[in-house]
Amino acid sequence: MQEGIKRWFEENSEKAKAVSRDLWEHPEASQKEYHACDALCAWVEEQGFTVTDRCVAGLDTAFCAVWGQGRPYIGFLAEYDALPGLAQETVSTYKPMDLPFGHGCGHNLLGTGAAAAAMALKRAMEEEKLPGTVYFYGCPSEEIMEGKIVMTKAGVFDHLDAAISWHPGDRNRASEESYQAMLSMEYHFTGKASHASMAPQEGLSALDAVELMDVGVNYLREHVPVGGQIHYVIINGGQKPNIVPEKAAVWQFVRANTAADLRKIAARMDDIAAGAAMMTGTKVEKKVLTGCNETRIVPALVELMNDVMVREVPAIRWTAEEEEFSRQLLEAQGADWNALAAAFGADVKKKPLDSAVACPTGKTIDILGSSDLSDVSYVTPTCMLFAATYPKGTPNHTWGVTACSGNSIGQKGMVYAAQVMAQTGYRLVTDPELLKDVRASYERALGGAVYAPVG
Ligand SMILES: [Zn+2]
């Protein structure tokens, strides 16, 4: 690791842990992350960054902080929103806290770690008098698939030479995962109310339309491209059984391995909705809430990040107490040790926390789920790592993740991730040939694809 980066962490790791803990103690809803924004902006300003915008792309809780001059332009991307219903004490058994939100996705660590990486890279560049500009972006409302998509649409990341981020996880690895393209849509049907017993013949049921649409969509499932997924909830099913529902609505998520496949499925769903409306004599209106592309993985950045992880940043060292805490936590979450051993190796019970680095496969891996980082990957070379901040096999978005995101386990993983990100940035800033390779690798990954917002 570069000396300045190393020293920055020697001097500031405790502060970083405290900031992440402060965010953990103030979990905020998507679009309402005011405390997190204040805390992170204050910290980076204290260390010489200039906060140039506190309302990026019209988002109240998006910000941009900058330090340096000229190219290359390196961006670090932070998230900091929490999830409803997941507040939990930092203990290894289920003990909910009386707070509406909790950091069950570890974004308190994500945001703080990205800030630390930006400041540590600044230190290295200052010491070595290197040209270049470090951007630190506050990207809000990831959990509702919003922040980075709105920011990408507004062109915020277009000028970057690289965007670097990370996500808390149960393993240490440079991500080769391409998240799925996704669309979130509501179909609102309008019919005609009437007395369900005395005058059903006068009514046109919007709920019938919703149900017929769902039947149609469930038949569609068999015929979607591989990787296609559809999930839904009925968000309005009418008021009372004895009133023919005038209004009813269904909220659908569609996912696919590529945005092109996604568009095909969505078009079929529109036809099904129109058919359901025709069958019931109702009208349908579609509202698109949000959508994202699939991730474009840049092999040269994966290799770089992996190299930094394997050769330059010391592996995380867990204490016996942290391992014991993790065993208890896995037990409390109903661990199947045989299944965990099959997935993570025979020593998983002895070493429930990851300190190794998983080797890249050299291929893009299609995985389930979606991320707003994917849209960024269409406009600038983007990379991220996963770092171990909770025990192997712990499902994300659960109380176990909240618990570890507030204690030393999550904090250690965060410092490790921040070191990897800072050092990755340093390598890019100091090696113009590498930057060229990254750009070429990125162009190949895009294969001529041009960014088109999905939502
Ligand atoms: Zn997350």
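Bear in mind that the values here come from a model prediction, so they are computed numbers and not experimental data. For reference, positions follow the sequence shown, starting with 1. Atoms within each ligand, like the ligands themselves, are counted from 1 in listed order.
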Item checked: Inter- and intrachain pairs under side-chain hydrogen bond (donor to acceptor under 3.5 Å, both in side chains), touching residues 412-430, at least two apart -> Glu128-Tyr426, Asp307-Arg427, Glu312-Gln423, Glu312-Arg427, Glu322-Lys412
Notebook entry, point to check: Can a cation-pi geometry be assigned to Arg171 and Phe386, taking NZ or CZ under 6.0 Å from the six-membered ring centre and within 45° of the ring axis?
Noted result: no
Item checked: Other residues, nucleotides, ligands: >12 heavy atoms within 6.0 Å of Arg439 CZ -> yes
Next item on the list: Take atom CH2 of Trp251 as the centre, draw a 6.0 Å sphere, and report whether it contains more than 12 heavy atoms from other residues, nucleotides or ligands.
Entry: no
Note to self: For the Zn ion (ligand 1), which protein N/O/S atoms fall under 2.8 Å? Skip waters.
What the structure shows: Cys105 SG, His107 NE2, His167 NE2
Next item on the list: Can you establish whether the number of heavy atoms outside Tyr94 located under 6.0 Å from its atom OH is more than 12?
Entry: no
Notebook entry, point to check: Does a salt bridge link Arg263 with Asp270, judged by any charged N lying under 4.0 Å from a carboxylate O?
Noted result: no
